[in-house]
Amino acid sequence: MLNGYQFRLNPTKEQAQTLLRWIGCQRGIYNAKVSEDRYFRTFRNRALALTGVPIPTDQAYSHYITDQTAYFREVPSVILRNGAALFGQAYQRYFKGLGGRPAKKNHRSRQSVWLTSELFRFEPVAHRETGEIVEYKLFAGTKKFPVGELACKAHRLFNLPASIHISIRAGKWHVAFSAEDSTVPVFKEETIITELQRMNDDELHVVTIGADRGVAKPLMTSNGQAYDLSDIQKERIQQKRKRKVRWQRRAAKRQKGSKNQRKAYRKTARYQQYEANVRNDFAHQTSHQLVAHTDAKLIVLEDLKIKNMTKRPKPKQDANGTWLRNGVAAKAGLTRAILGSAWGQVADYTQYKALRAGKLLIKVAPQYSSQTCAKCGHVDAGNRPSQAEFLCLRCGHEDNADHNAARVIKQRGIIKIREYAPKGKKRQNCTSPN
Ligand SMILES: [Zn+2]
């Protein structure tokens, strides 16, 4: 299967400068393609009947290299070609409905450059005694534009990729790529589902685990296991948030576009990155624990529409055009908590890790899971006397609210597996025509 890899890079100052130039030029071509596309869509599209010339969809870029854009000549042409190719790929994604129409990138977008095999090579380094390959060295550049060896911590072994992305984020360089990893088995979803469906109810109950994603506790399973950041991590996140805000204020006061302002913004980025790293790490550890350290074969989560839940509320106006409160400030805290709990990442990581381990993650409808009694199924808002407690008004079942929800989610997962019918095949009815 394809596996994603990312390693830290430590380029020298000169190398970093070259890479930044490459990033800038590739983005320049990409943006030029976007502008050109916009131009043709607004003018030529309407005049197509008159001129008979269709909108160009090729990946030509040489017409952008003029005397005004001589800087394009200072980078390998493959860098430019790849910029045009990236635009083409973005358009393909758009046509497939996987993304928006390609838009211009700026200095706030992801700073990365796509290198194809002409521009880099990995060289294996063998162990002196055993002759085993222990690491890889990364070289970049061409004869005309050499970069040399990029110091890289390639701490895992991999099959060699056809292309790589080099990026800089909060002052740190990374190389990322995907490569075939033949050591990892991948199970088919259908096979696992069939296996699960063959089990009786008791067996299925044993191998299923439900997990509730919450704001107070990021994750609680039906086994009663809670997953959360450590106290130190939480404390540090608070600290870094404060510092981030402080440096944001400082940056705002400094002269626009000055070196000092840029320095201040770099600091805010670094403080922000810390939190993102901790959350990402939490998501990886939690998903690993769920998959590797439970007996569960079926993991059930709620199908939360995280994008909608964290969307900025639309501005509201009354009939006279006066702006009304739209709750944006009130929602901001919740949004931060949701994104901070890494709900999306936990689900994504669990999904692929489960498939590698012959397990399955499914998502079920989230409606009223927090108000439903796990014991008798009674649904009532009054079942929740407080945020943390659950007390059923019908049967008196008492539980921690998150744990109760996790059990409800688990039950829904079992029902979903029972009802699941493979695509294209209709589930057989009890009464057969013969
Ligand atoms: Zn009940």
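Numbering of ligands and ligand atoms starts at 1, following listing order. Only heavy atoms go into these numbers, but all of them, side chains included; no hydrogens, no water, no symmetry mates.
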Count the heavy atoms of every other residue, nucleotide or ligand shown that sit under 6.0 Å from NZ of K353, and state whether that count exceeds 12.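 Correct, the count exceeds 12.
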Give a yes or no on whether the ring-centroid distance for Y274 and Y271 is below 6.0 angstrom.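 No; Y271 has its ring centre 6.0 Å or more from that of Y274.
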Roughly, to 10 degrees, what angle do C395 atom SG and C376 atom SG form around the Zn ion (ligand 1)?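 Taking the Zn ion (ligand 1) as the apex, I get 110° for this pair.
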So, C373 and the Zn ion (ligand 1): N/O/S under 2.8 Å, yes or no?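 So C373 does bind the Zn ion (ligand 1) by this criterion.
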For the Zn ion (ligand 1), decide whether H378 has an N, O or S atom at a distance under 2.8 Å.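 H378 does not place any N, O or S atom closer than 2.8 Å to the Zn ion (ligand 1).
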Donor-acceptor pair, K359 side chain versus A296 backbone, under 3.5 Å?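 Yes.
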Could you please spell out the steps behind the side chain to side chain contact (heavy atoms under 4.5 Å, CB included) verdict for Y136 and F7? CA-CA 11 Å; Y136 290 86; F7 300 114; over 6 Å; no
